[in-house]
Amino acid sequence: MPSKKSRQKLIKRQICSIARIFACASFLILTIIGVSSLVRAMSLETIANEDGVPASWKAASLGNPDTISIPITYWDQRQDDCSDPERQFEWSECRLYAKGIIRNVVKSHLGVDGLPVPAYTNNTDAWTAYHDVFTANVTGNDPVRSTDNFYRWFHEAYDKNGKQLSKRYDREVIFHRNGDNSYEYGSKGTFPLDDVDFSKDDSATKTGHNFHFTAHMRIPMKISADGTEQFWFSGDDDVWVFLNGQLVLDLGGLHMDTEGNFIINKQGNVVSTVNNVADQSCRQSLPSPLDVSYDIYNDRLENSCPRKPVTTTIPTNFKPGDVVNLDFFYAERSTTESNTRINITNMNWPISADSDIQGEVVGQIENTNNQLVQFVTSIANRDPQNQLKLERLAAYIDETAESNLNQGFIPLTSSTLYYTTTPEDNNSWKPVEISAPSGSTAGFNLDTPLVMSPAGTTGDTLYFRYFAETSGDTGTMTSTVSYYTTLGGVAGVTYDYDTVTYKPQEYQITINYLYKEDGSPASEPYTGTLAAGSEFSVDSPKIDGYTPDYTKVTGTMPKNDTIYNVYYAKDGSTEPVEPTDPIQPVEPEKPNPPLPTLPNLPGSDIIDGDLTYLGPLGEIAYVPNTGIISDAVAAVFEVSFAEIILSQSFVMIILMIFAGSFATWFSLRKYMNMNLATNTASRKAAKNHPKMIAKAKANPRTARNAHATRNTKNAKKTKK
């Protein structure tokens, strides 16, 4: 039977073997983690952002394509007879020729129907103002009525005999890129309705071209308001350009090919320049062509009244990032020429959606100085004819808090992001599943895109709500929310931002001064507002013949409204207490309002206001770069497997297992080569073992050698 010492060594050998297995296994796992980290690092790239918008979104949607198609609506207009005193379309055949820009033919704002409104309702007042026969018949109400002369310009209209005067055609125009961010449409000799036959019997059409038409084009665009963006036009006849319903470029009246442009300066105002503007006061001295010959009227119009460029600054107060509607209205009213050229430079367009965001501090996080900020944002479809699909959404935080500067995308999830179409119904908010940001090659994808109805219909606006946590008790937090949408397969990006200034939550302190004998007021109460955590010290007022139980009320302001009662007793009946024994507040009559109730939805990790979902601000967000790893293995390193093995707790556990098992194996490794036949106890046990004796007898040579060896050892001992 093996000795106790042998059994102990055998146990150590077994422990060493197990430790070696664990060390090898944990080393293999650490190798896998290292490879996974390397592959994941190679397969991820930071989400660059510009003003809080992922840069890849702008590259995808506003990456300066070669062409941009914009819807436009035309109204083909019948030619008016020269004998018609109300005529508006055709003048050159009536021996009258246009000379110079007539401003203020329409009002400075669009009407309630979103269309231009003539400045006058009758041609008598219009003639008195302009003394221009070409614009005297441009009259109408707000909104323009079907009986008004101007109605036919942007509606299908009929005369009193039922004859159709104008017919609508929906088309597209194509802007071609002619610079880094400059797009142009049109040319000299523009005839977009030559292919229609509505007015084919008119003499003007028989010239080979359709000269009489009007047009309306709407372009939603984002304003930079830095002085670099420009809208430029050259053509004839009437042109009016509105931004958000305000007239910013006025080239009214019949005129030859004339230029006009506007820029948006750094103050957010429009600076508009128009060439060839007629002197209005001079024109009012002209006689009516009904009173003089056409030749005299044309001669005086040409030579008597000067025309010059006019620059006007129009206060619009746009700010960078505003999304505005550019409405372009145009009319070709005579057969002399038809020219239209438009150039748009350094504007982000087209924008099919508008966004808005508002943030506010709604409470303080329990047991911290951090505050809860709620952001409510919306996105509205601006297209009146088509649905708009929302595919991606990102929320970017830029916070400055005392010495801290935090920036980064919020990792929105179904527990932190909610949407509705009816924000007034608090029960209508629904969670949004979103891959934010590392679960998709694009990042921030909505698992199921949300669709908005055409503008002006129910469901054309989506509302979102998300929360952020401040990292300090004083500072500012700006959140930029950006939306990636598609309209008819064409991508677009819109965004908005809001800045919230926050400071330590303040609460009210009230100190009542009361007579001890009956509790009646002894003095006016002290009231004040203090930030939570601030120190306070308030001297109790002196009252002749009475002593307060506290000469001072001192303490630290708690995170709630607080009331203290100081009692006054007649002199000699009590001893005042020094502030070293602080007074205890009384229970307030009304509890402080709680933090807003956060949606409690299945799977939500928002519990009791614990915002565990919000990662550290400034944390870098990553998206996979599929150009590094193949699609076959991408899923392994992108989803649950990588998330588990790359987690901090898992790596720490494996490191501890490896360190412990390696240390155990290293200290006990000598026992791995242990042989029972070579250790001392085993040799003694084998000396008298029957098999060993029999083996020695069977080999006399071995026995003689052993005997000689013993004799040599004995001789050495005798010699000594």
Side-chain angles (χ1 to χ4, degrees), residues 52 356-378 393-419 423 426 429 431 436 463-482 496-510 527-536 555-562 585 588 590-601 604-619 621:
D356 182 60
I357 183 174
Q358 293 182 347
E360 63 173 335
V361 175
V362 292
Q364 190 157 358
I365 308 300
E366 187 175 358
N367 300 322
T368 71
N369 289 328
N370 299 355
Q371 298 178 58
L372 179 66
V373 182
Q374 175 182 274
F375 291 99
V376 177
T377 175
S378 64
L393 183 152
Y396 187 80
I397 290 293
D398 187 344
E399 184 192 20
T400 303
E402 296 178 342
S403 61
N404 298 322
L405 178 63
N406 297 307
Q407 294 177 314
F409 289 98
I410 297 179
L412 298 173
T413 69
S414 60
S415 300
T416 65
L417 179 65
Y418 307 88
Y419 86 99
N426 196 48
W429 293 89
Y463 299 86
F464 294 87
R465 179 173 61 186
Y466 60 90
F467 298 90
E469 180 180 351
T470 68
S471 60
D473 58 6
T474 301
T476 61
M477 175 181 285
T478 299
S479 182
T480 300
V481 60
S482 49
D496 197 21
Y497 58 88
D498 192 27
T499 299
V500 177
T501 299
Y502 59 89
K503 57 184 178 180
Q505 193 80 7
E506 293 185 335
Y507 300 94
Q508 188 175 56
I509 178 175
T510 302
T527 59
T529 302
L530 297 173
S534 60
E535 302 289 335
F536 62 87
T556 301
M557 192 65 193
K559 295 178 181 178
N560 55 263
D561 294 339
T562 306
K590 294 182 179 180
N592 293 305
L595 289 178
T597 302
L598 304 182
N600 187 12
L601 301 166
S604 172
D605 54 4
I606 301 180
I607 302 174
D608 298 330
D610 182 14
L611 299 179
T612 56
Y613 67 86
L614 183 61
L617 299 180
E619 178 179 311

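- Using a 4.5 Å heavy-atom cutoff, the side chains of I357 and S479 are in contact.
- Interatomic distance, L393 CG to Y419 OH, rounded to the nearest 0.5 Å: 13.0 Å.
- Counting all heavy atoms, side chain and backbone alike, Y502 lies closest to Q371 at CD1-NE2, 3.7 Å.
- Using a 4.5 Å cut-off on side-chain heavy atoms (C-beta onward), F536 and I509 make contact.
- Considering only heavy atoms from C-beta on, V373 comes within 4.5 Å of T470 through its side chain.
- Aromatic ring pairs are classed by plane angle as parallel below 30°, tilted from 30° to 60° and perpendicular above 60°; the pair F409 and Y396 is perpendicular.
- Residues P504 and T474 have side chains in contact (heavy-atom distance under 4.5 Å, counting atoms from C-beta outward).
- The distance from the OG1 atom of T478 to the CD atom of E399 is 9.5 Å, given to the nearest 0.5 Å.
- Contact annotation: the side chain of Y463 approaches that of W429 to within less than 4.5 Å [non-hydrogen atoms, C-beta and beyond].
- Remark: side-chain polar atoms of T400 are not paired, donor with acceptor, to backbone N or O of D398 under 3.5 angstrom.
- Between D356 and T377, the closest heavy-atom pair is O-OG1, 2.6 Å.
- Across all non-hydrogen atoms, the minimal contact from F375 to A468 is CE1-CB, 4.1 Å.
- Remark: the E535 side chain and the T556 side chain contain an N/O donor-acceptor pair separated by less than 3.5 Å.
- Side-chain contact between F467 and L372 is present, with heavy atoms from C-beta onward closer than 4.5 Å.
- Separating the CD atom in E506 from the CG atom in L530 is a distance of 7.5 Å, to the nearest 0.5 Å.
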So Q508 and D561, side chain to side chain contact (heavy atoms under 4.5 Å, CB included) or not? Walk me through it. CA-CA 5 Å; Q508 188 175 56; D561 294 339; 3.8 Å; yes
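- Of all the heavy atoms in M557 and T562, the pair that sits closest is CE-OG1, 4.0 Å.
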